[in-house]
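Data block below; observations after.
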Amino acid sequence: MSLTFSIGDELGDYEIVAELDVGGMAELFLGRVRAGTKNAGRPVAIKAIRPEYSTDPSFLAMFRDEARIVSRIDHPHVVRVLDWGRHERKHFLVMEYLHGVSLSGLLRRLYEMGRTLTPAAAAALAVQAARGMHAAHELRGSDGELLQVIHRDISPQNIMVTSSGEAKVIDFGIVKALGRSARTSLGQIKGKIRYMSPEQMSGAYLDRRADIFALGVVLWETLATRRLYGEATDAEVITRAARGELPPPGSVADVPFALDRVVMKALRADPADRFRTAEDFAAAILEAEPAAREVDAASLRSLAWGVVGADLDKLAARLPIDLPTRETVGRDSSTAVRSLTRMLDAEVEATAVGTLEDYVEDKRVSPLAPPPAPADVAPIVPIPAPPAAPKSRRWVSIVQGIVFVAVLVAAAYAAYAITRSL
């Protein structure tokens, strides 16, 4: 498969130095600021539209919207878009390079270790993501009016945990805002359905509270170490979300009751019942789990190196730029792993749904996330416990059983009577 750019290509002030990932509609490259220009040698990530989409006006408009809108967001918990342009009719945008792992990758590695994040660590990451989202939601135009930015695709894949100990919201590819040149038709759904709010699933009007619902799902799954909807079909997912038939994470894991309540408020079916802003959501998380305030950047940095340090080292060895490794970082990560994670208990592991790759959207794992387990090592796939039957159904089953036994007894007695008469 031919890629949009090749190693060595020069795109204005940037040069392509390595391939990172190939997605369905775009490709990701590692770039570097060229010598003789400002910030020479700085590594950057370059996102390019795949050739087959480069002539699609709607996709080009969506791509330009991402560059134009996100480049205006300046927040430590949102990936920075530095530049965008076109090279030989090929469109690209330039972002800060993040050396780290997606939240999905971090959770998968922890699962392989038989561990999960503590409520404090999960809450701390959610708070950072919520504050990044709030910065995007509060973006204003030149007239001072809110642009009503909505990410629409918040998920564990789109939250990066960097090697420096920060959570960053990434991939605003389907961002919605006032003044966008790309328009979404009424009823058209964009995003991952299992993280969507009920109103997004139905194609109805959206505001920032749709992103709050999505982050609520992410926090639920991070706390519970399982998928919120399990093996439900898309139709069942839509029905449960619309009816508000979602269990609290504390029903399947050891989660503080106060934090349970915060998560469930974010997951209310009616947007009016959710938190008004992502900043309100972050404040409520910290009030419910005060220990999250003590989980600072240094702690999260040690956690990242302790859990995915080997993967980061492999990536650093493969890429032609200077990146930190466990040797150069030179810190003991075992303490952070012990204090910010805990063992999966038997009940959680027995009811977890799916495989270790459940948190990955595509089968092809991004090199920015840890690789899957080797093919010769079969992962343990826990079998979900069957749901308890409703009481009414259980009574029906009992009555049917009694009738069945009675019929058998009657048949046996009739046979016996016929035999005696002969």
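Keep in mind it's a predicted model, so treat the numbers as computed, not measured. These values consider heavy atoms only, across backbone and side chains, with no hydrogens, waters or symmetry-generated copies. For this chain, numbers begin at 1 and follow the sequence in order.
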Is a side-chain donor or acceptor of [X] paired with a backbone partner of [Y] at a separation under 3.5 angstrom?
X    : Y    : result
Q128 : A167 : yes
R72  : R140 : yes
K90  : T4   : yes
S299 : V295 : no
D171 : N158 : no
R208 : T277 : no
E221 : L228 : yes
T325 : T328 : yes
W220 : P247 : yes
D211 : R152 : yes

[atom1] ([X]) with more than 12 external heavy atoms under 6.0 Å:
X    : atom1 : answer
D322 : CG    : no
E236 : CD    : yes
R240 : CZ    : yes

Any Lys/Arg nitrogen of [X] or [Y] sitting under 4.0 Å from an Asp/Glu carboxylate oxygen of the other?
X    : Y    : result
E96  : K168 : yes
R274 : E199 : yes
D273 : K265 : no
D296 : R301 : no

(request) Taking all heavy atoms of F275 and all of V262, pick out the closest pair and write down the distance. (result) CE1-O, 3.4 Å
(request) For the residue pair F5 and F92, categorise the inter-ring angle as parallel (less than 30°), tilted (30 to 60°) or perpendicular (more than 60°). (result) perpendicular
